[in-house]
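Presented below is the structure to which this report refers.
First listed ligand is number 1; within each ligand, the first listed atom is number 1.
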Amino acid sequence: MIRAIYPGSFDPVTLGHLDIIKRAAQTVGELIVGVLNNGSKTPLFTIDERVSMLLEVTEGLSNVKVMSFSGLLVDFARQTNANVVVRGLRAISDFEYELQMAQTNRKMNPQVDTMFLATGLEYSYLSSTIVKEVAFFHGDIHEFVPESVAKRVQEKVLEVTRT
Ligand code: PNS
């Protein structure tokens, strides 16, 4: 059975991410959505909030697990016995960095291969950064994120701008 990791910051999870999760889950035996707990970045959502949003939107996908990780992805892959990493490619601009990551990961752990999925055309412009930018200017984000996530983003924007 192929156990794969779909790693990311997911700050927050978008419809583009969800599309990759669903498609990857149809291809592999088990998909672990690995949420990076990165001390050097300041995400909008805490690690627990990001995990909780992902748990909500992947409910019903029986072979999908959500876990947080810190440190190197290849170490997380070792710990979870996963040997495939899934990443979405939106455009050629993603390619250089993604290839660099895939090659570095494979150098560090030759057991780990990266599988790229082309992001759905309808989501090719989308990123968590864009979602946050629109939300902070009170734009409508319902086309970009699942309904439950839109609510959480709007609440978070209110919370952050109030303080
Ligand atoms: O959603 P993102 O922020 O584009 O995801 C980037 C992520 C989490 C896949 C990447 O930063 C990562 O794997 N970080 C863990 C640390 C690591 O292993 N770095 C070496 C890869 S070159």
Under 3.5 Å, N/O to N/O: give me all the pairs between ligand 1 and the protein, one per line with atom names and distance.
unit_1	atom_1	unit_2	atom_2	d
ligand 1	1 (O)	S9	N	3.0
ligand 1	3 (O)	S9	OG	2.6
ligand 1	4 (O)	R87	NH2	3.1
ligand 1	5 (O)	R87	NH1	3.3
ligand 1	18 (O)	L73	N	2.8

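- Screening Q154, R152, E159 for a side-chain contact (heavy atoms from CB on, under 4.5 Å) with K156, the sole residue that qualifies is E159.
- In terms of the salt bridge (Lys or Arg N to Asp or Glu O under 4.0 Å) criterion, residue partners of K151 (sequence neighbours excluded) are, by chain and number, E155.
- Within 6.0 Å of CD1 in I2 there are 12 or fewer heavy atoms belonging to other residues, nucleotides or ligands.
- When the shell of 6.0 Å around OH of Y125 is examined, it contains more than 12 heavy atoms from other residues, nucleotides or ligands.
- Considering all non-hydrogen atoms of both residues, G88 and D94 come closest at O-OD2, 4.4 Å.
- L61 and V57 fall within a single hydrophobic cluster, where Ile, Leu, Val, Met, Phe, Trp and Tyr side chains are chained together by heavy-atom contacts under 4.5 Å.
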